[in-house]
Amino acid sequence: MQEAEPDRDDLALTRRAALRAGAVSAAVAMLGSAPGQAAARPIAMGSAAEIGAFRSDPRYREALKRYCDVVVPMNDLKWEALRHDRARFDFSGADELVAFAEANRKALRGHTLLWGEALPPWVKEMKTRAEAERELVNHIEVVVDHYKGRIATWDVVNEVIKYDPTSGGPWRDTVWQRLLGPEHVEIAFRTAARTDPKARLVLNDFHFEERDPGAAARRKVALDICRRLKDKGIPIHGVGMQAHLYAEKQIDTDGLQRFMRDLDGLGLDVEITELDVIDWKMPADAALRDKHSAALVSTFLNAVVSAKRPKAIVTWGLTDRYSWVGETFPRKDDAKARPLPLDADYRPKPMMAVLERYRRGTG
């Protein structure tokens, strides 16, 4: 879940040719390498891609080409998009984005094989453990096999931890938890590993970075889940931190650094998977907000990188023109949300300078 650098109007022009060959191949290598091997390298930068904007907006496609080493289908690999009914899989949207990434030599992350949200109605109507396990295993086998050798990294399980684990236990209340219990996490990772033994498998979740007891508890639960999987010999390769950063909240630098060291002790990677800034409580002034957001992102990334270099830094969208933040976190004035590294007219903001610093390997 997602500061400050000087404004730069055109961050990529002078170094674009050099990065095209070097950084992209480095991104693919980093996403597939063993823990610890990327310490001295640039960090791959990427974005989730929304299929509607991808299809309708040429500037959007060009921005993905220009600024991203990694592409993540934002919604088109979720159950809701793939499984309109039980009998068939619809890969049309995801296939478009995967083909685009491959044609432009981008690495790919798959999001997500199991989540308690974005489900078609028939999933919520399941009644028995046997039915739930059968559908979950079949879904993961079909999806991972469809992209075997093409999608290198999967968010296998997304948002499985209860928002406040200190109240009523660690698990989020979902159809999978109700029918399968905590074992649904093990089933998902086992199935993904069996279907594509070469894929990197990640536990993805949010609210790890804030300075409050709930975030600290969530870090502990994530470590406990990873430790149990490893103790049982179930492959897991890393943790994804969503990093939807609230502009009005502080980053827990010490807590994040301890979390990185604990992950390192388990032999696990870390990836930043859904970075953006929720600026709904900030003043309307755009320049002020952009400067603050860049400073917040810098503080967050510095905290992480100082302890453990992430495999990738992926934003949840690339331009303010297309973002979930404004609708989900509406402001009380008429100002538009500015959560991402490019503004609504595709101009780089100070946040982009921060991200490019890590992409170049100078951060």
- Pairing residues for Lys220 by the side chain to side chain donor-acceptor pair (under 3.5 Å) criterion, not counting sequence neighbours: Asp224
- Item | Test salt bridge (charged side-chain N to carboxylate O under 4.0 Å, His left out) applied to Glu80 - qualifying residues, sequence neighbours left out | none
- Query: Does the pair Glu356/Arg359 count as a salt bridge with the N-to-O cut at 4.0 Å?
  - Reply: yes
- Task: Return the set of residues passing side chain to side chain donor-acceptor pair (under 3.5 Å) with Lys78 (not counting sequence neighbours), or none when no residue passes.
- Result: Asn75
- Who are the side chain to side chain donor-acceptor pair (under 3.5 Å) partners of Thr328, not counting sequence neighbours? none
- Is Leu288 isolated, or which residues cluster with it under the ILVMFWY side-chain rule of less than 4.5 Å, directly or via members? Met282
- Query: Of all residues at least two apart in sequence or in a different chain, which pass the side-chain contact (heavy atoms from CB on, under 4.5 Å) check with Lys281?
  - Reply: Glu248
- Item | Non-neighbouring partners of Arg61 that pass salt bridge (charged side-chain N to carboxylate O under 4.0 Å, His left out), sequence neighbours left out | none
- Message: I'd like to check the ring-ring contact (aromatic ring centres under 6.0 Å, His included) partners of Phe91; sequence neighbours left out, ordered by chain and number.
- Response: Phe89, His146, Tyr147
- Item | Residues that Trp79 engages under ring-ring contact (aromatic ring centres under 6.0 Å, His included), provided they are two or more places apart | His139, Trp176
Quiz: residues 180-188 side-chain donor-acceptor pairs under 3.5 angstrom, not counting sequence neighbours:
{"from": "Glu183", "atom 1": "OE1", "to": "Arg129", "atom 2": "NH2", "distance (Å)": "2.5"}
{"from": "His184", "atom 1": "ND1", "to": "Gly181", "atom 2": "O", "distance (Å)": "2.6"}
{"from": "Glu186", "atom 1": "OE1", "to": "Lys232", "atom 2": "NZ", "distance (Å)": "3.4"}
{"from": "Glu186", "atom 1": "OE2", "to": "Lys232", "atom 2": "NZ", "distance (Å)": "2.7"}

- Item | Any residue meeting salt bridge (charged side-chain N to carboxylate O under 4.0 Å, His left out) with Glu133, in chain and number order, not counting sequence neighbours | none
- Task: Could you name each residue pair satisfying salt bridge (Lys or Arg N to Asp or Glu O under 4.0 Å) that touches residues 90-101, not counting sequence neighbours?
- Result: Arg55-Glu96
